[in-house]
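Notes to accompany the following structure.
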Amino acid sequence: METRKSFPDKKEIRKKHLAIRDAMSESEKHEKSRKICDNLLKSDWYAKTDWIFGYYPLGKEADCLTFLRQALHDGKHVALPRTGTDCTMEFYEITSFAQTSEGAFHVMEPTVECRRINPMDLYDQQIAVLVPGVVFAPTGSRYGYGKGFYDRYFARYAKLKRFALAYENQLVSELETLDTDVKMDRIYTEENEYKII
């Protein structure tokens, strides 16, 4: 009889990798994030992408703000998420980071005057979604913080390109996932670009 592979508890994996991430110095975070942003700018999709759905980093998350500022400078549309108490998430266009203020979970979010973006209205344009998280596998599996914001969003808009940003120390060889856990198309770290799809 085939035995089911045993995986560590999800909460324990998250706790362990949050501790590893949070132990990094600010200078280490800054340098690794700079390299991740460079890798995004050099990617094969950036030049032809119209919209970047990014995020405002919290704590020691991979910081993509340098990349998003460059995208705005290059004339691309940039949107950031706003979350609801029901664990839903929508993206709103910003033209400058002055259009953000502290929202749910102490994360900077687009202000009320920003326009909500429905990806279905952008059917003829290229969209890239940058995805944060706690731990990833090179196969595209991802653990976030356990609320399911991104999984729910991608369940609604399954055709969006999903590009995770992470440090190499956030990668493990394999993660146990559920059918509702959405895989990433690529993972960008300070050292590599992992192409999954």
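If you're wondering where the values come from, they're calculated on a predicted model, not measured in any experiment. Residue indices begin at 1 and follow the sequence shown.
- Residues that satisfy the side chain to side chain contact (heavy atoms under 4.5 Å, CB included) test with Asp86, not counting sequence neighbours, are Thr88.
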**OP:** Take Tyr153 and Tyr157, measure what ring pair (Phe, Tyr, Trp, His ring centres under 6.0 Å) needs, and give me the verdict at the end.
**Re:** CA-CA 6 Å; Tyr153 190 78; Tyr157 306 111; 4.9 Å; yes

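- Applying the ring-ring contact (aromatic ring centres under 6.0 Å, His included) test to Phe136 and every residue at least two apart in sequence or in another chain returns nothing.
- Cation-pi geometry between Arg69 and Phe97 is met: under 6.0 angstrom from the ring centre, within 45 degrees of the axis.
- Between the side chain of Asp50 and the main chain of Lys76, no donor-acceptor pair closer than 3.5 Å is present.
- For the pair Arg14 and Tyr143, the cation-pi criterion (under 6.0 Å, within 45° of the ring axis) is fulfilled.
- Asn39 places none of its side-chain heavy atoms less than 4.5 Å from the side chain of Glu193.
- Electrostatic pairing of Arg82 and Glu90 does not count as a salt bridge here, judged by no charged N lying under 4.0 Å from a carboxylate O.
- For Thr95, the side chain to side chain donor-acceptor pair (under 3.5 Å) partners at least two apart in sequence or on another chain are Gln99.
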Which donor-acceptor pairs under 3.5 Å do the side chains of residues 120-133 make with protein atoms, sequence neighbours left out?
unit_1 : atom_1 : unit_2 : atom_2 : d
Gln125 : OE1    : Trp51  : NE1    : 3.0

**OP:** Output, in order, the C-alpha distance, side-chain angles, deciding distance and verdict of salt bridge (charged side-chain N to carboxylate O under 4.0 Å, His left out) for Asp185 and Arg162.
**Re:** CA-CA 5 Å; Asp185 295 309; Arg162 306 176 293 275; 3.7 Å; yes

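- Side-chain polar atoms of Glu102 and His106 form a donor-acceptor pair below 3.5 angstrom.
- Looking at residues two or more places apart in sequence or on another chain, you find a side chain to side chain donor-acceptor pair (under 3.5 Å) between Asp38 and Arg34.
- In this structure the side chain of Glu191 never reaches within 4.5 angstrom of the side chain of Lys32, judged on heavy atoms.
- Using a 4.0 Å cut-off between a side-chain N of Lys or Arg and a carboxylate O of Asp or Glu, Asp9 and Lys15 do not qualify as a salt bridge.
- Evaluation of the ring-ring contact (aromatic ring centres under 6.0 Å, His included) rule for Tyr145 yields no partner, not counting sequence neighbours.
- Remark: Glu168 does not engage Lys35 in a salt bridge, criterion side-chain N to carboxylate O under 4.0 Å.
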